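Written below as structure tokens is the structure these notes are about.
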Amino acid sequence: MKKILLFIIFLWVIAFLTGCGENGNHTLDPSEGKINGQIKTNLSGHQTIELIAREKTLPSNFDEMAYQRSEVPYFQYLVRKAEDQSEFEDTWNLYEFEAQMPSVNFDKKDIIFIGEHESGSCPAEIDHIKLKSENESMTIYTKVVGGADACTDDATPITFVIQMSKEVSNDLKDIIVAESKVETSVPFEN
């Protein structure tokens, strides 16, 4: 009986320590569901982060507006947040999208635009998204489609548009883009 009790306590301690090791981090993996090749991930059943648009476009003055890393590699990113229809339309036009603007329920959702450059021969995709510290930080992991050895060094524009629940968006203070195993904390403006 004593061995069984010790074994149960051991399992409980392992389960407790494993749960504590997460530190509030949630990995949102695109394998949870894709719609037409787009990422659709769920957190706690009702909080969804979804890629709703992707287009080879950037604002015409991207180089002047974008955040640039201060050390090598000198990646540039332009991140904007839209919390209502007017901001969404303005930001959609700023990024010079040609596609029709998707419909968004701004009573429940917010939008994040992430603009950057990609190789013309190896397009970038969002691989997965991780939320940290009570949703205060969101890391967007990108990956290159195609063999990295065959990628050209030309820089072509790409903008991702991500829709998320206001429960996630309201607490966001930090957007981190992880590209080529380099993480860059990018400020965003409303």
Side-chain angles (χ1 to χ4, degrees), residues 25-30 32-68 75-118 123-143 156-179 183-190:
N25 295 345
H26 303 283
T27 298
L28 305 178
D29 187 340
E32 291 178 8
K34 286 196 175 193
I35 298 175
N36 298 327
Q38 295 183 345
I39 296 172
K40 182 174 183 178
T41 57
N42 292 303
L43 175 64
S44 303
H46 66 282
Q47 297 177 348
T48 301
I49 297 176
E50 179 181 7
L51 178 66
I52 62 169
R54 178 189 188 281
E55 192 171 305
K56 294 187 73 58
T57 187
L58 285 172
S60 56
N61 56 348
F62 173 80
D63 290 331
E64 297 162 17
M65 300 172 63
Y67 174 81
Q68 181 171 318
F75 294 139
Q76 291 180 300
Y77 303 101
L78 185 60
V79 178
R80 293 288 189 266
K81 182 178 179 182
E83 297 177 331
D84 61 39
Q85 187 65 35
S86 176
E87 287 178 349
F88 185 43
E89 290 171 8
D90 291 346
T91 309
W92 188 265
N93 292 330
L94 171 71
Y95 280 80
E96 302 179 10
F97 275 85
E98 292 181 10
Q100 182 176 350
M101 191 168 41
S103 176
V104 176
N105 178 354
F106 283 100
D107 291 334
K108 297 180 180 180
K109 304 286 184 179
D110 284 336
I111 300 293
I112 302 283
F113 288 78
I114 303 157
E116 63 179 272
H117 285 106
E118 66 180 357
E125 285 187 357
I126 294 177
D127 185 40
H128 64 281
I129 298 171
K130 184 183 274 189
L131 292 170
K132 299 178 186 176
S133 305
E134 302 297 323
N135 299 344
E136 289 183 1
S137 176
M138 180 171 71
T139 304
I140 299 166
Y141 294 87
T142 62
K143 69 177 182 178
T156 62
I158 187 67
T159 297
F160 302 100
V161 182
I162 299 170
Q163 172 179 260
M164 66 189 65
S165 63
K166 287 195 179 281
E167 291 116 0
V168 172
S169 175
N170 288 339
D171 296 328
L172 273 179
K173 295 181 178 126
D174 195 20
I175 301 287
I176 300 166
V177 180
E179 177 182 0
E183 290 189 1
T184 306
S185 180
V186 184
F188 68 94
E189 301 174 19
N190 288 343

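Any value given below was found using the heavy atoms of this structure, including those in side chains, with hydrogens, waters and symmetry copies removed. Remember, it's a predicted structure, so these values are computed and weren't measured experimentally.
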Note to self: Minimum heavy-atom separation for V104 and F88, please, with both atom names.
What the structure shows: CG2-CE2, 3.8 Å
Margin query: Would you compute the distance between atom CG of D107 and atom NZ of K166 and round it to the nearest 0.5 angstrom?
Written below: 7.5 Å
Notebook entry, point to check: Got a second to check how far S165's OG is from D110's CG, nearest 0.5 Å?
Noted result: 8.5 Å
Check: Would a 4.5 Å heavy-atom cut-off, applied to side chains only, mark M138 and I129 as touching?
Finding: yes
Item checked: Short side-chain to backbone donor-acceptor contact, E96 and S60, under 3.5 Å -> yes
Note to self: Testing the basics here: between Y67 and T184, what is the closest heavy-atom pair and its distance to 0.1 Å?
What the structure shows: CE2-CG2, 3.7 Å
Next item on the list: Could you tell me whether the side chain of Y141 reaches within less than 4.5 Å of the side chain of E183, counting heavy atoms only?
Entry: yes
Check: Tell me, do E98 and T57 make a side-chain contact under 4.5 Å, heavy atoms counted?
Finding: no
Next item on the list: Measure across T159 and G115 and return the closest heavy-atom pair with its distance rounded to 0.1 Å.
Entry: OG1-CA, 3.8 Å
Check: Stepwise, does the side chain to side chain contact (heavy atoms under 4.5 Å, CB included) test hold for R54 with I158?
Finding: CA-CA 7 Å; R54 178 189 188 281; I158 187 67; 3.5 Å; yes
Note to self: Using modelled atom types and a 3.5 Å cut-off, is there a donor and acceptor pairing between side-chain atoms of K130 and backbone atoms of S137?
What the structure shows: no
Margin query: Tell me whether K108 at atom NZ has more than 12 heavy atoms from other residues, nucleotides or ligands lying less than 6.0 Å away.
Written below: no
Margin query: Distance check, rounded to the nearest 0.5 Å: K173 atom NZ versus E136 atom CD?
Written below: 3.5 Å
Check: Under a 4.5 Å cut-off applied to non-hydrogen side-chain atoms, are I112 and M164 in contact?
Finding: yes
Next item on the list: For residues S185 and D174, report the shortest heavy-atom separation together with the two atoms involved.
Entry: OG-OD1, 2.6 Å
Check: What's the verdict on side chain to side chain contact (heavy atoms under 4.5 Å, CB included) for T142 and E118, showing C-alpha distance, side-chain angles and the deciding distance?
Finding: CA-CA 10 Å; T142 62; E118 66 180 357; over 6 Å; no
Margin query: Using side-chain heavy atoms (C-beta onward) and a distance below 4.5 Å, is I52 in contact with I111?
Written below: yes
Next item on the list: Give, for atom CD of E179 and atom CG of D127, the distance between the pair rounded to the nearest 0.5 Å.
Entry: 12.5 Å
Notebook entry, point to check: With side chains defined as the heavy atoms from C-beta onward, is the minimum distance between I140 and I162 less than 4.5 Å?
Noted result: yes
Next item on the list: For A124 and F160, work out which heavy atoms get closest and say how close.
Entry: O-CZ, 3.6 Å
Next item on the list: Would you check if I175 and Y77 make a side-chain contact, meaning some heavy-atom pair closer than 4.5 Å?
Entry: no
Margin query: Does any part of the side chain of H117, heavy atoms only, come nearer than 4.5 Å to the side chain of F62, both counted from C-beta?
Written below: yes
Next item on the list: Return yes if some donor-acceptor pair links the side-chain N/O of T139 with the main-chain N/O of V177 below 3.5 Å, else return no.
Entry: no
Next item on the list: Start with the C-alpha distance between I114 and V186, add both sets of side-chain angles, then the distance that settles side chain to side chain contact (heavy atoms under 4.5 Å, CB included), and finish with yes or no.
Entry: CA-CA 10 Å; I114 303 157; V186 184; over 6 Å; no
Notebook entry, point to check: Distance-only, no hydrogens or angles: does the K81 side chain make a donor-acceptor pair with backbone N or O of S169 under 3.5 Å?
Noted result: yes
Margin query: Would the distance check show the side chain of E55 and the main-chain N or O of F97 forming a donor-acceptor pair, the cut-off being under 3.5 Å?
Written below: no
Item checked: Exceeds 12 heavy-atom contacts within 6.0 angstrom, atom NZ of K56 -> yes
Note to self: I'd like to know if R80 and E87 make a salt bridge, using a cut-off of under 4.0 Å between side-chain N and carboxylate O.
What the structure shows: no
Margin query: Rounded at 0.5 Å granularity, tell me how far CD in E125 sits from NZ in K143.
Written below: 5.5 Å
Notebook entry, point to check: In Å and rounded to the nearest 0.5 Å, what is the CD to CG distance from Q85 to D90?
Noted result: 10.0 Å
